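Written out below as structure tokens is the structure these notes cover.
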Amino acid sequence: MIMETIGEWIAPYVQLTKEETARRLETPPDPALGDAALPCFELARALRESPQSIAAKLAEAILHPMLECRAVGAYLNVALRRERIAMQWLEAVEAPAFRAPSSPRGQRVVIDMSSPNIAKPFGIGHLRSTVIGNALRHILTADGYDVVRVNHLGDWGTQFGKMIAAYRAWGDTEALRRRPLEASLELYVRFHEEAERDPRLEDEARAWFAKLERGDEEAAALWRFFVEASRKEFRRIYDRLGVAFEYELGESFYNDKMEAVVERLQAANILEESDGARVVRLDDASLPPCLIVKSDGSSIYATRDLATAFYRRETLGGDRLLYVVGAEQAVHFRQVFEVLKRLGCEWADACEHVPFGLMRVEGKKMSTRRGRVVKLEDVLGEAVERANAVIAEKNPNLPDRERTAEAVGVGAVVFGDLKHDREGAVDFRLEEAVRFDGETGPYVQYTHARIRTLLAKSEAVSAGSAAAKPSALATDEAWALLKLLTGYPAAVREAAARLAPSVVARYALDVAKAFNRFYHAERVLADDPAEAAAKLRLARAAADTLRDALALLGVQAPERM
RNA sequence: GUCCCAGUAGCUCAGUCGGAUAGAGCAUACGCCUUCUAAGCGUACGGUCGGGGGUUCGAAUCCCUCCUGGGACGCCA
């Protein structure tokens with residue numbers, strides 16, 4: 001908004017379009033230099049004149065009531081006349097439409113996210129897909145998309161053959177009834193331990209999965225038990241995270257849709273026999289072959305992902321299909337999308353893997369097989385407990401402490417994940433996840449709550465009703481905050497374009513920092529009613545922005561804390 | 001061996017159309033609550049932007065190459 005405005009005003013002098021001018025403008029390294037800077041090197045080349053003298057001439061030539069220009073070396077620095085424009089911007093930022101979703105695009109996005117495995121605890125590893133997917137749903141909605149979240153539950157596959165085989169060998173019915181997921185995990189871990197000594201167990205597991213796929217009643221009954229127990233536990237966690245899904249369609253849902261996939265591949269004549277299995281060769285795309293049917297005739301995840309893609313495209317009507325899945329599956333998705341392309345699906349290009357870095361715990365890759373998992377619920381519990389302790393210490397009279405502690409604890413964990421670029425690998429450290437100061441979710445929440453109490457107080461002393469005084473917004477701190485607030489729509493657009501929730505998280509941190517600086521430098525509830533009015537309106541706009549940005553990330557913004 | 005991702009301050013990370021003295025947070029050391037929430041603010045300390053070439057008026061950013069770490073490479077997902 002700022003660069004666009006300044007670009008438009010100075011474009012006539014630099015003889016470029018206003019878009020081109022705005023594009024070349026940059027933010028000066030030191031705010032004291034101004035609000036925008038135009039490097040004159042490129043102009044110098046075109047005009048065959050030194051950049052310094054061009055900058056100097058422009059500074060001389062530009063006469064605009066809102067601008068003050070100065071040449072510094074090869075740069076033309078432009079400062080806005082703060083008092084003259086502040087009210088206009090404040091009003092812009094206050095308008096409800098400013099932070100409202102942009103107009104509908106008439107495009108539907110289907111997001112594949114979360115996708116925990118049945119019969120295993122919801123580990124910290126699934127946090128990323130869940131919160132990134134959820135944030136993307138809010139951000140893309142704000143960017144005008146119609147978004148559908150699908151929880152692609154891992155409720156099918158050879159792993160269930162393993163569970164069934166393990167249950168039949170060592171299952172303790174009573175333990176399973178009491179603590180289904182812990183007991184399941186123990187069975188799963190034991191299976192892999194025993195299978196190292198006795199490889200025949202693997203064959204047995206595959207046989208059980210084949211039976212399950214063919215509808216064997218004993219296998220199906222066990223499968224239903226595991227699915228029900230898991231869903232119940234998952235729901236509890238999703239409630240805490242504030243995550244919901246438009247669809248919960250696990251892999252099993254596609255069980256009866258696999259044959260159709262194989263038929264399509266056959267019809268396209270791209271299925272080949274290889275070592276008893278059936279594959280699609282992708283050599284000319286420099287990809288390994290995509291395995292479609294295993295040598296025992298059962299399906300594999302690529303087959304399921306193809307069926308899933310068809311369903312999301314043809315039945316759910318997705319214009320874009322997003323897969324928020326770990327980066328380690330990059331090759332798999334490239335294979336699947338390439339196969340779609342070879343089937344003549346022109347929409348294959350609208351499929352996109354949104355990878356995120358692997359989460360390790362204390363430097364080690366998590367492994368369900370070895371029982372090396374950190375349960376998300378334990379982490380949330382620890383975070384909430386600490387939040388509770390902090391509130392007890394800092395604000396003992398806070399009503400509704402439990403609910404606030406929940407919002408802060410969970411907010412710390414969620415925000416802590418989202419503020420990082422999603423592609424980087426994460427080494428999970430509890431101490432990091434439950435931190436409350438510095439660049440954290442609670443810092444943003446705290447800033448928001450602080451403003452809300454300030455606003456409440458202003459009503460009590462009936463401040464802020466006077467006409468606002470523009471000069472109150474012209475101080476360095478107020479001005480920096482106001483400028484930042486104008487950047488909200490741009491931040492959301494960038495986050496949507498890059499599918500990067502971290503952009504919103506960083507933006508929220510910047511706003512919080514700018515507000516706190518402002519708050520410390522100046523008294524908001526000033527004696528002069530006109531000054532107080534302007535500052536209060538700025539503060540309210542900041543709080544609203546923080547609340548909305550946090551909402552995009554799926555983090556709550558308590559009124560008090 | 002091939003492919004993908006990453007390497008920026010002691011630690012965790014921003015820095016995406018190449019631009020002015022490379023920025024935060026944490027940690028460390030100081031300072032600031034008789035006025036709006038100190039979960040805050042400020043000051044100091046701290047960097048061969050993995051190494052080496054190249055392109056450019058200008059490179060953390062683009063190109064080449066090497067090194068290091070992580071991941072993936074058909075019957076798990």
Side-chain angles (χ1 to χ4, degrees), chain A residues 23-24 26 28-30 33 37 39 41-42 44-45 50-51 72-75 77 115 117 154 156-159 161-162 202 205-206 251 274-279 286-296 298 300-302 304-305 325-332 334-335 355 357-358 360 365 369 387 390-391 393-395 398 408 412 419-421 423-427 429 431-432 435-440 442-443 445-447 449-455 457-458 461 463 494 497-498 500 502 506 509-510 512-513 516-517 519-526 532 535-536 539 560-561:
Chain A
R23 202 186 59 77
R24 292 193 191 183
E26 38 194 73
D30 179 353
L33 292 169
F41 305 99
E42 285 183 65
R45 190 179 300 229
S50 84
V72 177
Y75 290 84
N77 290 335
S115 314
N117 291 321
W156 208 242
T158 311
Q159 50 174 330
K162 292 177 183 175
E202 298 273 1
R206 271 191 285 273
E251 297 173 349
S274 168
D275 295 334
R278 309 176 76 186
V279 306
S286 359
L287 284 167
C290 184
L291 188 61
I292 302 291
V293 183
K294 298 193 284 192
S295 43
D296 67 359
S298 63
I300 190 163
Y301 64 124
R304 273 190 287 279
D305 275 344
V325 179
E328 67 274 12
Q329 294 199 39
V331 174
H332 163 69
R334 278 169 61 201
Q335 287 177 304
L358 190 73
R360 281 190 293 272
K365 189 178 171 180
R369 297 182 176 193
V390 174
I391 297 171
E393 180 202 329
K394 314 229 179 214
N395 202 351
L398 184 74
V408 173
K419 81 170 174 188
H420 295 115
D421 181 75
E423 299 225 35
V426 174
D427 191 3
R429 287 200 185 84
E431 291 305 319
E432 277 295 310
R435 253 189 44 221
F436 297 154
D437 41 38
E439 295 179 324
T440 64
Y443 170 71
Q445 291 173 315
Y446 172 77
T447 307
R450 193 182 217 190
I451 302 172
R452 292 296 176 205
T453 42
L454 178 62
L455 293 171
K457 191 159 290 185
S458 80
V461 300
E494 190 193 342
R498 287 171 51 188
S502 64
R506 295 271 158 206
L509 285 169
D510 287 343
K513 267 185 234 182
N516 284 323
R517 213 166 278 155
Y519 181 88
H520 269 271
E522 306 179 30
R523 188 168 168 75
V524 177
L525 297 173
K535 288 177 170 178
L536 281 164
R560 302 280 183 281
M561 64 185 268

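Sequence lines set the chain letters: A, B, ... in the order given, protein chains first and strands last, and positions in each chain run from 1. Model, not experiment: these values are computed from the prediction.
- Applying the side chain to side chain contact (heavy atoms under 4.5 Å, CB included) test to A:Ala449 and every residue at least two apart in sequence or in another chain returns A:Met561.
- For A:Arg506, the side chain to side chain contact (heavy atoms under 4.5 Å, CB included) criterion is met by A:Lys419, A:Glu439, A:Leu509, not counting sequence neighbours.
- Contacts of A:Glu328 classified as salt bridge (Lys or Arg N to Asp or Glu O under 4.0 Å), with partners at least two apart in sequence or in another chain: none.
- The nearest whole Å value for the distance from the NZ atom in A:Lys535 to the C1' atom in B:C36 is 11 Å.
- Under the ring pair (Phe, Tyr, Trp, His ring centres under 6.0 Å) criterion, A:Tyr446 pairs with no residue at all, not counting sequence neighbours.
- Annotation: side-chain hydrogen bond (donor to acceptor under 3.5 Å, both in side chains) contacts of A:Arg450 (sequence neighbours excluded): A:Asn516.
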Protein-nucleotides 69-71 of chain B N/O pairs closer than 3.5 Å?
unit_1	atom_1	unit_2	atom_2	d
B:G70	O2'	A:Arg360	NH1	3.1

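- Applying the salt bridge (Lys or Arg N to Asp or Glu O under 4.0 Å) criterion to A:Glu26, with sequence neighbours excluded, gives no partner residue.
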Dot-bracket for RNA chain B, please, read 5' to 3', with Watson-Crick or G-U wobble pairs under 3.5 Å on both distances, ( ) within the strand, [ ] crossing, | other strand, . unpaired.
((((((((.[[[[.)...(...]]]].(((((.......))))).....[[[[[..)....]]]]])))))))....

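- Considering only residues two or more places apart in sequence or on other chains, A:Lys162 meets the salt bridge (Lys or Arg N to Asp or Glu O under 4.0 Å) condition with none of them.
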What pairs of nitrogen or oxygen atoms, one from the protein and one from nucleotides 8-10 of chain B, lie under 3.5 Å apart?
none

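- Residues meeting the side-chain hydrogen bond (donor to acceptor under 3.5 Å, both in side chains) test with A:Asn395, sequence neighbours left out: none.
- The salt bridge (Lys or Arg N to Asp or Glu O under 4.0 Å) search around A:Glu251 returns A:Arg304, not counting sequence neighbours.
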